[in-house]
There are 2 protein chains.
Amino acid sequence: MDDVETRELRYFVAVAEELHFGRAAARLGIAQPPLSRAIHRLERRLGVRLLDRDRRGAVLTAAGEVLLREARAALDAVAAAVRRTRRAGNPDRPLVLVTKAGASHELLRRLLDAQAGEPGAAPVEVLLCEVGEQAHRLRDGQADVALMHRPYDDLAGFDTVDLHVESQVAIVPAAHPLAAHDRLTLAEVSHVPDLPIARWPRLDGTYPEGPGPEVRTQSQLAQLVALGKTLLVIPASSRAWQWPEHVAVPVVDAPEVTTVLAWPPGGYSPALASLVRSAAGLRDTPRPLPAEDPRPGSPGAPAVSR
Amino acid sequence: MDDVETRELRYFVAVAEELHFGRAAARLGIAQPPLSRAIHRLERRLGVRLLDRDRRGAVLTAAGEVLLREARAALDAVAAAVRRTRRAGNPDRPLVLVTKAGASHELLRRLLDAQAGEPGAAPVEVLLCEVGEQAHRLRDGQADVALMHRPYDDLAGFDTVDLHVESQVAIVPAAHPLAAHDRLTLAEVSHVPDLPIARWPRLDGTYPEGPGPEVRTQSQLAQLVALGKTLLVIPASSRAWQWPEHVAVPVVDAPEVTTVLAWPPGGYSPALASLVRSAAGLRDTPRPLPAEDPRPGSPGAPAVSR
DNA sequence: TACGCTGATACCCGGCGGGTATCACGGCTT
DNA sequence: AAGCCGTGATACCCGCCGGGTATCAGCGTA
C-alpha cells in the first residue's frame, strides 16, 4: 500500500523543481498526462496534497517541501547504492577521492605519495569538485572518500580522520591599505566597505543578498581580489591563491581550520582502510621539518609569504 | 538504464537476508520465479553478480554485501521520506521523541515540562525503543527527535544539542565484594572473573563471543545483576537500575556521558525548533540546586545513593 | 537409482505505465 | 467582451512488464 517507487520520487522531484508539469515532463522525457497521473497517485498513496495547482504552474505545499528534501536524499541513497555496488563488483576499481580544486594540494600530494608507498596500494583517482560539493559526491556514491575542512564543510554523517590543523590568512589586494598590516583580526576584515565579501550561489543557484560580488568559481574570486574588489579568509596552505597581486596576512583570531579525510560510515573496503592508514601515518608527522620536506609552502608550516 | 526501483531493492534485501529464494519469495508474498527474474534483472542492470547460487541456497558476493548495506540505507531513506511527508501533511501532528526505555527519565520529564510550558507548544509523543535503536528510528522517519548518549550512541549524521553531562557508576550485586568500595576504576570492573560483562545482540540477532550472559532487554540485565551474574557501567542518572539488590559505585575514570537531543539535519519543522529551544533553555541550568528541583536523583546532581 | 530440494526456464495473463487527443478553466490581449 | 493561449485534468488505447502456474535441470542424499 505504501511502497513508493524511485520513479515516482524522480517524477515528483522534477515537478517540484520545475513547478510546471509540462517542463518537468519534457525533462523526464515523457508526456505530461502520465506525469500528472503519477503525481496524483503519489498524493493519493501518501494521503497528502503535495502541490497546489495554479493556472500558471504549481506551488509546493508544506508537505511538498518536506518530500522534496526527503526525496532528494532518498534518491541520492539509491544512486549511491548503485554506484558503490558497481564499484564493489569491479575487482581493480580505483578509490575515488574528491576534493576542492585548489585547496590542500600539498597535503594531498603527501597523502598520495604515502599511499603509493604502501605495499599493494590501491590506485587512487582524484576527482575535483566545486566548493561544498564534496559531501554530495560522497553521499551519492560518486566518490569513496573526501578531503574536507572543518568548520567550513558539513561533516555530519561521515567518519573522519583529522589530518592537519592550520591557521587562516586574509588574501587582500596588494594595493589595499590592509596589505600593509602584518596581522589582522576578524573584526578588521569583516566589514571593509570597499572589499565586501563575495557571495557564493546556494544549492538552487540563487545568490544571497549582500553588497559583495557574485562568484561561482575560485578563479573568479582570485581575479576579483587581484582587481581590488573583495577579500577572503582561507587556510594558510591554500597557495593557489598566491597571485602577484595578492597579499596574505595572518588573521590571528580566525578559527583554526582542520583538514580531514572523510568517508561514509560503514563502508570499509580494504582500499579505503589502506588509505585511512596512510592518512593516520601522515597525521603523526603534521609539521615536517624543512629538511624532511623541502617543498616551499608545505602544509603545517604556517609561514606566510608576503 | 540504471534506474533501480525500490521494489527491486526490497526483493534483493529479502533474498540477501534469507539466502534462499523460496523463503524470500514467501516473505515477500510473491512466487519464486518472479523473484529469481527480478534479481537476475538487477544483476544485469548493475553489471555485477550479487549472489553465488548454490544447490542449497545462495551466498552473497562482495558486491552483494555492499548492496545489502546500501540498499537497507536507501530503503530507510525512502521510508523516511514517506513517513515525514505524511506527518508534514497532518496539521496537528505530534512530535515523536524516541528514547531508550529506563534512561534519562528525569531529564526527559524536565524537557517535556519545559516544552509544555511554552506558548503554543506542539504535543510531544514519546516512543520507547530498545538500546541502540534510536538512530534507526530517526533515520527511517519513525521519530522526529531522539534522546541519545555520547559516546555510546552513533551520532553520525544528526544535528545535536548537548543537554547534560554526567559521570558513570558501576551497578554491582549488593552481595559482591566490589559493592564495598566507594569508588572504582575501569580496570577494576573490566575483567572481574565472576561478573563478566553481558553481551547484547547485534543487528542481525546473533551474539558476539564471550563469557558474559546474553541479554536482550534492560530488565533481563537488571535481573542478572541482582542475581550476582554480571555488572554494568551506566550514567549516574539511570535510576531505573536501582533495585534493592543493586549497589551503585562511582567509576572515577569512566568517560563522561553526555545526553544529547538529536535530530536529522535539515528538517526544521516549527515544532522541532520549539523543542530544541526548550532543550537549549534546559541546558543553561544543567545543575539545578535542590531548592530549584526537589526531586531526588535529578540529573545533574551526580549524587549516588548506596 | 530415485527422490527431494534448490534455482532456472517457459509461457500466459492482467494491470499499469506511457502515448495521443481532447477538455476545462483562467488570464491576457485586442 | 470575446477569443486565444497556456495551464493541468480527463478519456481512451496499446504494449510491456510484473506476477502467476507448470515444468525443467542439477546435485546431494537415502
Side-chain angles (χ1 to χ4, degrees), chain A residues 1-61 63-65 67-68 71 75 78 82, chain B residues 1-61 63-65 67-68 71 75 78 82:
Chain A
M1 159 190 175
D2 60 54
D3 56 333
V4 172
E5 295 300 326
T6 63
R7 181 172 3 91
E8 307 182 273
L9 294 182
R10 279 197 305 275
Y11 286 6
F12 172 74
V13 169
V15 174
E17 283 176 357
E18 299 284 345
L19 293 178
H20 189 289
F21 280 75
R23 280 196 300 273
R27 200 174 100 182
L28 293 166
I30 65 173
Q32 170 257 320
L35 180 58
S36 285
R37 250 190 0 198
I39 300 296
H40 273 122
R41 187 180 45 242
L42 186 58
E43 288 180 319
R44 189 168 43 76
R45 278 218 207 124
L46 296 178
V48 168
R49 186 145 206 86
L50 298 171
L51 296 150
D52 283 326
R53 278 78 159 177
D54 192 84
R55 293 310 145 211
R56 48 196 168 288
V59 294
L60 286 171
T61 64
E65 297 276 3
L67 184 59
L68 176 57
L75 292 175
V78 172
V82 170
Chain B
M1 160 193 173
D2 61 53
D3 55 336
V4 173
E5 295 300 326
T6 63
R7 182 174 1 93
E8 308 182 271
L9 295 182
R10 280 196 307 274
Y11 286 6
F12 172 74
V13 169
V15 174
E17 283 176 357
E18 300 284 346
L19 294 178
H20 189 288
F21 280 75
R23 281 196 300 273
R27 200 174 99 182
L28 294 166
I30 66 173
Q32 169 257 321
L35 180 58
S36 285
R37 250 192 359 200
I39 301 296
H40 272 122
R41 186 180 47 242
L42 187 59
E43 287 181 319
R44 188 167 44 76
R45 281 221 205 119
L46 295 178
V48 168
R49 186 145 205 86
L50 299 170
L51 296 151
D52 284 327
R53 278 78 159 176
D54 194 84
R55 294 311 145 211
R56 48 196 165 286
V59 294
L60 286 172
T61 64
E65 297 277 2
L67 183 58
L68 176 57
L75 291 175
V78 172
V82 170

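Please read all numbers here as calculations on a predicted model, not as lab measurements. Heavy-atom basis, side chains included; hydrogens, waters and symmetry copies ignored. Quick note on labels: first sequence line is chain A, next is B, and so on, each numbered from 1.
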Rounded to 10 degrees, the angle between the two terminal axes of the helix from C/dT1-D/dA30 to C/dT30-D/dA1, each from five pairs: 10°
By salt bridge (charged side-chain N to carboxylate O under 4.0 Å, His left out) - contacts of A/R10 (at least two apart): B/D3, B/E5
With sequence neighbours excluded, residues passing salt bridge (charged side-chain N to carboxylate O under 4.0 Å, His left out) with A/E65: none
Can you tell me how far [atom2] of [N] sits from [atom1] of [X], to the nearest Å?
| X | N | atom1 | atom2 | value |
| --- | --- | --- | --- | --- |
| A/D52 | D/dT7 | CG | P | 18 Å |
| B/L35 | D/dC17 | CG | P | 19 Å |
| B/I39 | D/dG18 | CD1 | C1' | 14 Å |
| A/I30 | C/dG19 | CD1 | P | 6 Å |

Straight-line distance of B/L50 CG to B/L60 CG, nearest 0.5 Å: 8.0 Å
Under the rule for side-chain hydrogen bond (donor to acceptor under 3.5 Å, both in side chains), what residues qualify as partners of [X], not counting sequence neighbours?
| X | value |
| --- | --- |
| B/R27 | B/E17, B/E18 |
| B/R41 | B/E8 |
| A/R49 | none |

Set of residues satisfying side chain to side chain contact (heavy atoms under 4.5 Å, CB included) with respect to B/A71, sequence neighbours excluded: B/L9, B/V13, B/L67
Sequence-distant partners of A/S36, side chain to side chain contact (heavy atoms under 4.5 Å, CB included), two or more places apart: A/F21, A/Q32
Where protein sits on nucleotides 3-17 of chain C, one letter per nucleotide: B base, S sugar-phosphate only, - none, heavy atoms under 4.0 Å: ---SSBB-B-----B
